[in-house]
Amino acid sequence: MSSPKRYWLMKSEPSDFSIDDLQRVGTEPWTGVRNFQARNFMRQMQVGDGVLFYHSSTQVPGIYGLAEVACASYPDPTQFDRKSKYFDEKSTREEPRWSLVDVRYVRHLAKPVPLDLIRTQVDSLGEEFALIRRGSRLSVLPVTAAQWKILLGLEHKA
DNA sequence: GCCAACGTTGGC
DNA sequence: GCCAACGTTGGC
């Protein structure tokens, strides 16, 4: 018995890891999230959940592809790796602070949906939508089924 | 528990 | 590169 499919948006800087990179590797552990809210969302994820792959800090920020959650959350191994920039000395194997999921490539969008187009849909998306909420920097955030539909509806209008 | 300092995110 | 906004840390 599985619960209804849920949806998320995950940000990545394409210079670091892009939708092209995800296509190349197929599945990727989403390492390096060091924000408690984002971590908590990943802990709620289930296999098959839909993911909007968002490119941030780039010339045209926006949604560039679709992915899906490939496994339940587990401890982010980089938190234990002294050589990693994500190493966290406060974390222990017994009580890991940071979790992640693996993300699997689904497809590129026919045309990316840029942030400025997304902003024009604030009335239907809702002002509380974290992606367009003023000052929000959350890198992993929930998307409702209605928002998912609206955002993908923009794919061919971009 | 407050809050200043600091580091980071991410649009522009 | 700038900077506004935010989250976290740590002194008190």
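Every heavy atom of this structure was used, including side-chain atoms; hydrogens, water molecules and symmetry mates were not. Every chain is numbered from 1, with letters handed out A, B, ... down the list of sequences.
Atom CG in Asp88(A) sits 10.5 Å away from atom CZ in Arg82(A) (nearest 0.5 Å).
On a pure distance criterion of 3.5 Å, no polar donor-acceptor pair joins the side chain of Arg34(A) and the base of dT8(B).
Atom CZ of Arg137(A) and atom C1' of dA4(C) are 10 Å apart (whole Å). One atom, CZ of Arg133(A), and another, C1' of dG11(B), lie 16 Å apart when rounded to the nearest Å. Ile63(A) places its CD1 atom 12 Å from the P atom of dG11(B), with the value rounded to the nearest Å. Taking atom CZ of residue Arg39(A) and atom C1' of nucleotide dT8(C), one finds them 14 Å apart after rounding to whole Å. When the P atom of dT8(C) is taken as reference, atom CG of Asn40(A) falls 10 Å away, rounded to whole Å. At whole-Å resolution of the value, OH in Tyr64(A) and C1' in dG10(B) are 14 Å apart. Taking atom CG of residue Leu131(A) and atom P of nucleotide dC6(C), one finds them 15 Å apart after rounding to whole Å. Rounded to whole Å, atom P of dG7(C) lies 13 Å from atom CG of Leu141(A).
Among the nucleotides dG7(C), dG10(B), dG11(B), the one closest to any side-chain atom of Leu115(A) is dG11(B).
Smallest separation of non-hydrogen atoms from Gln121(A) and Ile150(A): CB-CG2, 4.4 Å.
Residue Ser56(A) is in sugar-phosphate contact alone, with no base atom involved, counting any heavy-atom pair closer than 4.0 Å across all strands shown.
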Under 3.5 Å, which donor-acceptor pairs link side chains of residues 25-42 of chain A to any protein atom two or more places apart or in another chain?
| unit_1 | atom_1 | unit_2 | atom_2 | d |
| --- | --- | --- | --- | --- |
| Arg34(A) | NE | Tyr86(A) | O | 3.2 |
| Arg34(A) | NH1 | Asp76(A) | OD2 | 3.0 |
| Arg34(A) | NH2 | Asp76(A) | OD2 | 3.4 |
| Arg34(A) | NH2 | Thr78(A) | OG1 | 3.0 |
| Arg34(A) | NH2 | Tyr86(A) | O | 2.9 |
| Asn35(A) | OD1 | Gln37(A) | N | 3.0 |
| Asn35(A) | OD1 | Ala38(A) | N | 2.9 |
| Arg39(A) | NH1 | Arg97(A) | O | 2.8 |
| Asn40(A) | ND2 | Phe36(A) | O | 3.2 |

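Tyr54(A) has no side-chain polar atom (N or O) that falls below the 4.0 Å cut-off from OP1 or OP2 of dT9(B). At dA5(C), one or more side-chain N or O atoms of Arg134(A) fall inside 4.0 Å of OP1 or OP2 (strictly under the cut-off). The side chain of Lys90(A) contributes no N or O atom lying less than 4.0 Å from OP1 or OP2 of dT8(C). Neither OP1 nor OP2 of dT9(B) sits under 4.0 Å from any side-chain N or O of Lys11(A).
With no hydrogens or angles considered, no side-chain donor-acceptor pair links Asp20(A) and Tyr64(A) at under 3.5 Å.
Using a 4.0 Å cut-off between a side-chain N of Lys or Arg and a carboxylate O of Asp or Glu, Asp21(A) and Arg24(A) qualify as a salt bridge.
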